Amino acid sequence: MTIQERTARPKRAMEQKWQTRWETDRLYRSSVDWNRPKHYALTMLPYPSGDLHMGHWFAMTPSDTRARYMRMKGFNVLFPMGFDAFGLPAENAAVQRGIHPARWTFGNIERMRGQLRSMGAMFDWEREAVSCEPGYYKWTEWFFKKFYEAGLAYRGEAMVNWSPTLQTVLANEQVIDGKDERTGQPVIQKMMTQWFFRITHYADELLSFAGLDWPEPIRTMQTNWIGRSEGARVIFHTEEGDPIEIFTTRPDTLWGATFMVLSPEHPLVARITGKAQREEVEEYVKTAARKSELDRTSEEQEKTGVFTGGYAINPVNQERIPIWIADYVLISYGTGAIMAVPAHDERDFAFARAYGLEIRPVIQPDDVPEGFCETQAYSGAGRMVNSGRFNGAISNGEKGRKNPAISAVIDWLGEQGIGREAINYRLRDWLISRQRYWGSPIPMIYTEDGNILPVAESDLPVVLPEDVQMTGVGNPLRQHEGFVNTTAPDGRPALREIDTMDTFMCSSWYWYRYLSPQETAQPFSTEEAAYWLPVDVYTGGAEHATMHLLYARFFAKAMRDIGAFDATMAAMQARGRNPKVLTTGEPMLMLRNQGQILGEERSGHFVRARGRWDGANKLFADEVEVIDPAEVANGDPMAVVTSGFPTAEDASSGVVTGEIVKRTENLLTIASPSGDLKTVEVIAGARVIIPDIPGENTVNQLKHHLEIQRMSKSKGNVVNPDELVDLYGADTVRAYLMFGFDWEKGGPWNSQNIQGVVRWLDDVWEMIVNIEVTGAGDPAVERQIERRVHQTIKSVGEKLEAFNFNKAIAELMTLKNDLRAAVRDAKISHGAFHEAAKNMLLMMAPFTPHIAEELWVYIGEAYSIHQQAYPTYDPAKAAEETTTLVVMKNGKPIDRVEVAVGIGEEDAKAAALASAGARRALDGGTPRRVVFIAGRGDLNVEPKVNIVV
RNA sequence: GCCGAUGUGGUGGAAUGGCAGACACGAUCGCCUCAAAAGCGAUUGCUCGCGAGGGCAUGUGGGUUCGACUCCCACCAUCGGCACCA
């Protein structure tokens, strides 16, 4: 070994050199090649919010690593990228800063393109798609039109958050505590006619995940979201004869219905309300309109409701029962009305108790005495009672037809013409209308004589006009006459639909557009689709579990049913590929979710603020002094700030001490040693002393405490990837994100731990570039290195396939440690070292593509490393000769014995019992039992012997 | 509230029911240096013991098992989603 003159590991310049070269060589352009197996790797596309943040790197670079690995394993890989570019933040920017949504969006996209390139990912930029470009949203509109023509889109009523002040609809996130977040004015719930997609048509199909490798929790969440329940629809009538349809999963309890409850929005409410109750009912309806659905259905809420004065007739026994309204019944679920059976339903029970309504048991459990319904509802099995002809029928606690009582009652309801068997879903149809400007137009027109017609295909896209006034009041499209006024096919004037589409619509089909983003004749190219579809692996955040991923599945099924895949399937057939992968209507075969990167915890400045008290909790400060952490001897800054003051918050002293937990401009919130929060207003011209920062200090330099929470600009806890890339290089940032976290879990950012991957890459560089390996080498050490290389080839591959990026890098670090020890001890020849280094670089290439390429070329191998195959695992070379037999006493290890791999049960037990640890533990006695656990040579699992005493 | 997940050293995290803490960060000590940083070497879950060697430890409390971070039951805490943020 010879130490040469050291060359420091280059970072940004070297990385940019390779990025340019790869781009020039079109290394990552992917094209159809029927002679090679394809792999479509997709990662969720970003919303162009301004800057790429750590979360994007965390989502995309591991996905890139896995895509690169698949490429080295021989797949023809497609790994595209684009922008989900319509949405609310662009409108907010327009209203708040007067910048046009389009300019804001495209400016951000341009910026983010550059940031995405710095990752060194293998994105095929020729396939980039941007959802707010007419070439893209033409097809979003086209899908709407096709769905409409297929009966999958319709007009219906839905509640919106209506701001009377702004004359506009607000998003849920814009409503805080029932008030508009911007103006603080009240927001009401209002019914509005809007466009829906009939996703419920596919409810049953969406419950099937056959052939999909999706995480179990996601499948469970989707199943619960769809919420299929079996039961019956039953028609009650008011005394006046108006029908009220209800859905129940418990028709066997119909005889226990002692009242009905309508949702406050139910259309019959006004009709049945009696004169005496009118005022109270109207007041209640108004109050309910101010509440969110979440509040209304919360079990913690006190059940509220009012009597309408009306009565209904129970069709099974002709009983007259009162009709109430209550906000725990939602108009959007079932029929918006329920029969209330307080004896056998928790919520009905709580309501009946609160308003003194009758509770009548109709299911009698076998082993519980009479009066069992006095303290809580009973929802278990039993015999029907108080139910006329059905008395004695067994209700076995099962749902639907599996319950004999329910089954018998359903049949009887049908015979009597009172009701029928029915299935209800919690899933609601997809409301796609948005009363916003920055979205894809809905290609529909309204004629003078009241017809609603789709825009002709030749007239698509309906282009979003650019010359609008964004004021935050009203809908800008309504005020745009050139947009609103159009002509019907018969030449007469007509009005355009001014609602635009939910942005989930744009993101429900983008992976098809990636196939051919320049295509003008159809949404995607048939030839590309026949080769690449479906997506093989989709990665993204688990927060999209239900909505985006259900919409994506719905879209694929709807596309299938309108024939959008017919040509593609024919082309597949012609190529000898089974088109069945498209007939299932499933867009992605495999799904994996990453966790979230959170902000790093940071303590705030510990300060002494001096000034004048204004009441007990507020101080006007003319001086704020930060305690220098370096001066804190015992590590407790709180003790230092309080020292020297008799009482820290002594009213006469005019001093507040403690940690800044929050700062808004010149208002500080300070947590005092006792834990009390004090407000300190730093007056203009106050002296601010921060020892760390030389010169004159200002209040804006004071740091407040940061909790571990989502990174966001407003919280001031954003870690900027660009700065880290400048400092360490993209390889290091990529590797750290993959090594420092469990990818599926995420976690708080830690700026210290990145040193681990810095040293890893430094060591690899040092070993290959700065040390000349000479000498003969030690055959035993060289054999051991070869063994470790092959074990690592296997484990890194397995771990990457399983998305265990942190474990894969740990394996690579371990291999580096072993190789470095061999080099340091001069136990390896140049040839053996070269072979090991070559394999190690090939394994590193997917993770750290730039340094791998640089060193690959440095050791004299042919460019590019990214066109090489992943090394082949040789079990013979990986095999161990000996292994450690673990001797245990009652499951706890007490000794270890070196034995041959594959040792048999008898030999292992004998060796274990002969060990020093076993003799000590047994102390001459005999074990009660001896258990042998065989080793697994292929998995490097050691054999064990458990001695039970 | 409902649905889903998570909980392991000072920190990030490893462990098909079979050696808990791999791989790292940090810390401590030593080497190098005029010094510092970097680098190199060693130690590092807690605890009793001079030592050999014990005991205790995976959110809490139970259970199953020769053996439980892992499986089951109950509870606590935290995170994601709840239909107009994306």
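Computed from a predicted structure; not experimentally measured. Below, chain A is the first sequence line, B the second, and so on; all start at residue 1.
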>> Does the structure show a Watson-Crick or G-U wobble partner for B:rG41, both distances under 3.5 Å? Name it, or say none.
In response: B:rC29
>> Quick check for you: among B:rA20, B:rC85, B:rG13, whose closest atom lies nearest to any side-chain atom of A:Asp742?
In response: B:rG13
> A:Asn753 side chain: which of B:rU11, B:rA83, B:rC23 is closest?
Replying inline: B:rU11
> Does a side-chain N-to-carboxylate-O contact under 4.0 Å join A:Glu497 and A:Arg155?
Replying inline: yes
>> Any strand counts, and the cut-off is 3.5 Å on both contacts for Watson-Crick or G-U wobble. Which nucleotide pairs with B:rA20?
In response: none
>> Using a 4.0 Å heavy-atom cut-off, does A:Leu427 contact any base of the nucleic acid, only the sugar-phosphate backbone, or nothing at all?
In response: base
> From B:rG7, B:rG18, B:rA86, pick the nucleotide closest to the side chain of A:His544?
Replying inline: B:rA86
>> Can you identify which nucleotide, out of B:rA22, B:rC85, B:rC84, has its nearest atom closest to the A:Pro89 side chain?
In response: B:rC85
> Base, sugar-phosphate, or nothing for A:Val930, non-hydrogen atoms under 4.0 angstrom?
Replying inline: nothing
> Just how far, in rounded Å, is P of B:rU11 from CG of A:Asn806?
Replying inline: 18 Å
>> Nearest 0.5 angstrom please: A:Tyr510 OH to A:Asp84 CG, how far?
In response: 8.0 Å
> In whole Å, what separates the P atom of B:rG9 from that of B:rG81?
Replying inline: 27 Å
> So with a 6.0 Å cut-off around NZ of A:Lys799, is the heavy-atom count from everything else above 12?
Replying inline: yes
> Base, sugar-phosphate, or nothing for A:Ser507, non-hydrogen atoms under 4.0 angstrom?
Replying inline: nothing
>> So A:Leu431, base contact, sugar-phosphate only, or nothing? Heavy-atom distance under 4.0 Å.
In response: base
>> Between B:rA5 and B:rC31, how far apart are the two C1' atoms, rounded to whole Å?
In response: 49 Å
>> I want to check one thing: is the phosphate of B:rC66, taken as OP1 and OP2, less than 4.0 Å away from some side-chain N or O of A:Arg929?
In response: yes
> If we take the P atom in both B:rU44 and B:rA24, what is their distance in whole Å?
Replying inline: 15 Å
> Is there a donor-acceptor pair closer than 3.5 Å between any side-chain N or O of A:Gln194 and the backbone N or O of A:Glu157?
Replying inline: no
> Given the C1' atoms of B:rC29 and B:rA68, what is the spacing between them in whole Å?
Replying inline: 38 Å
> Step by step, would you call A:Glu880 with A:Gln791 a side-chain hydrogen bond (donor to acceptor under 3.5 Å, both in side chains)?
Replying inline: CA-CA 10 Å; A:Glu880 298 276 359; A:Gln791 289 171 346; 2.9 Å; yes
>> What's the closest nucleotide to the side chain of A:Lys807 if the choices are B:rC85, B:rA14, B:rA86?
In response: B:rA14
>> Using whole Å, what does the distance between atom P of nucleotide B:rG53 and atom NZ of A:Lys892 come to?
In response: 18 Å
>> Given the structure, check if the side chain of A:Glu543 and the base of B:rC82 hold any donor-acceptor pair shorter than 3.5 Å.
In response: no
> Roughly how many Å is it from CZ in A:Arg759 to C1' in B:rC40, rounded to a whole number?
Replying inline: 12 Å
>> Taking the C1' atom in each of B:rA15 and B:rC23, what is the distance between them to the nearest angstrom?
In response: 12 Å
> Does the side chain of A:Asn817 get closer than 4.0 angstrom to OP1 or OP2 of B:rC23 through an N or O atom?
Replying inline: no
>> Looking at A:Ile188, is its backbone amide N or carbonyl O close enough to the side chain of A:Lys190 to form a donor-acceptor pair, meaning the two atoms are under 3.5 Å apart?
In response: no
> Can you tell me the Watson-Crick or wobble partner of B:rA57, both distances under 3.5 angstrom?
Replying inline: none
> With rounding to whole Å, what would you report as the distance between B:rU6 and B:rU58 at their C1' atoms?
Replying inline: 14 Å
> Taking A:Trp509 as the fixed residue, which of A:Tyr551, A:Tyr137, A:Tyr136 is the one that meets the ring pair (Phe, Tyr, Trp, His ring centres under 6.0 Å) rule?
Replying inline: A:Tyr136
> Hey, can you pull the residues of residues 218-227 of chain A with a non-hydrogen atom under 4.0 angstrom from RNA chain B?
Replying inline: A:Thr220, A:Met221, A:Asn224, A:Trp225
>> Could you check whether any side-chain heavy atom of A:Phe805 comes within less than 4.5 Å of a side-chain heavy atom of A:Phe739, counting everything from C-beta outward?
In response: no
>> Can you tell me which residue among A:Trp749, A:Phe847, A:Trp760 is in a ring pair (Phe, Tyr, Trp, His ring centres under 6.0 Å) with A:Tyr736?
In response: A:Trp749
>> So if I take every side-chain heavy atom of A:Ile933 and compare against B:rG18, B:rC84, B:rC40, which nucleotide ends up nearest?
In response: B:rG18
>> Base, sugar-phosphate or nothing for A:Gly746? Non-hydrogen atoms, less than 4.0 Å.
In response: sugar-phosphate
> Out of B:rC23, B:rG13, B:rA86, which has the shortest distance to the side chain of A:Phe504?
Replying inline: B:rA86
>> At 4.0 Å (heavy atoms only), tell me whether A:Glu91 reaches a base, stays on the sugar-phosphate, or touches nothing.
In response: nothing
> Within the distance-only criterion (no hydrogens, no angle test), does the side chain of A:Asp742 pair as donor or acceptor with the backbone N or O of A:Glu744 below 3.5 angstrom?
Replying inline: yes
>> Using atom C1' in both nucleotides, what's the gap between B:rU8 and B:rG4 to the nearest angstrom?
In response: 22 Å
> Between B:rC3 atom P and A:Leu549 atom CG, what is the distance in whole Å?
Replying inline: 21 Å
> B:rU65 pairs with which nucleotide, Watson-Crick or G-U wobble, both distances below 3.5 Å?
Replying inline: none
>> Using a distance-only criterion (donor-acceptor N/O pair, under 3.5 Å, no hydrogens), is the base of B:rC84 paired with the side chain of A:Gln435?
In response: yes
> Could you state the NZ-P distance from A:Lys944 to B:rG17, rounded to the nearest angstrom?
Replying inline: 13 Å
>> Under 4.0 Å between a side-chain nitrogen and a carboxylate oxygen: does that hold for A:Glu798 and A:Lys794?
In response: yes
> Taking N and O atoms by type only, does the side chain of A:Glu942 place a donor or acceptor under 3.5 Å from a partner on the base of B:rC19?
Replying inline: yes
>> With a 3.5 Å limit on both atom pairs, tell me what B:rC82 is paired to, counting Watson-Crick and G-U wobble, or say none.
In response: B:rG1
>> From the set B:rA86, B:rC23, B:rG53, return the single nucleotide nearest to any side-chain atom of A:Arg920.
In response: B:rG53
>> Can you tell me if A:Arg824 touches the phosphate of B:rC40, counting only side-chain N or O atoms and a distance under 4.0 Å to OP1 or OP2?
In response: no
> Base, sugar-phosphate, or nothing: which does A:Asn946 touch, judged by heavy atoms less than 4.0 Å apart?
Replying inline: base
> Which of these nucleotides, B:rA86, B:rC66, B:rC19, is closest to any side-chain atom of A:Val886?
Replying inline: B:rC19
>> If you only use heavy atoms from C-beta on, which nucleotide in B:rG26, B:rA5, B:rC19 is closest to the side chain of A:Pro217?
In response: B:rA5
> What's the NZ-C1' distance between A:Lys745 and B:rA15, to the nearest Å?
Replying inline: 13 Å
> In whole angstrom, what separates A:His53's NE2 from B:rC85's P?
Replying inline: 17 Å
>> With hydrogens left out and only the distance checked, is there a donor-acceptor pair under 3.5 Å joining A:Arg928's side chain and the base of B:rC66?
In response: no
> Using purine N1 to pyrimidine N3 plus N6-O4 or O6-N4 for Watson-Crick, or N1-O2 and O6-N3 for G-U wobble, each under 3.5 Å, what pairs with B:rG7?
Replying inline: B:rC76
>> When the P atoms of B:rG18 and B:rC71 are compared, how many Å lie between them, rounded to an integer?
In response: 11 Å
> Within this structure, what is the CG-to-C1' distance between A:Leu737 and B:rC25, rounded to whole angstrom?
Replying inline: 15 Å
> With a non-hydrogen cut-off below 4.0 angstrom, is A:Val169 in contact with a base, only sugar-phosphate, or nothing?
Replying inline: base
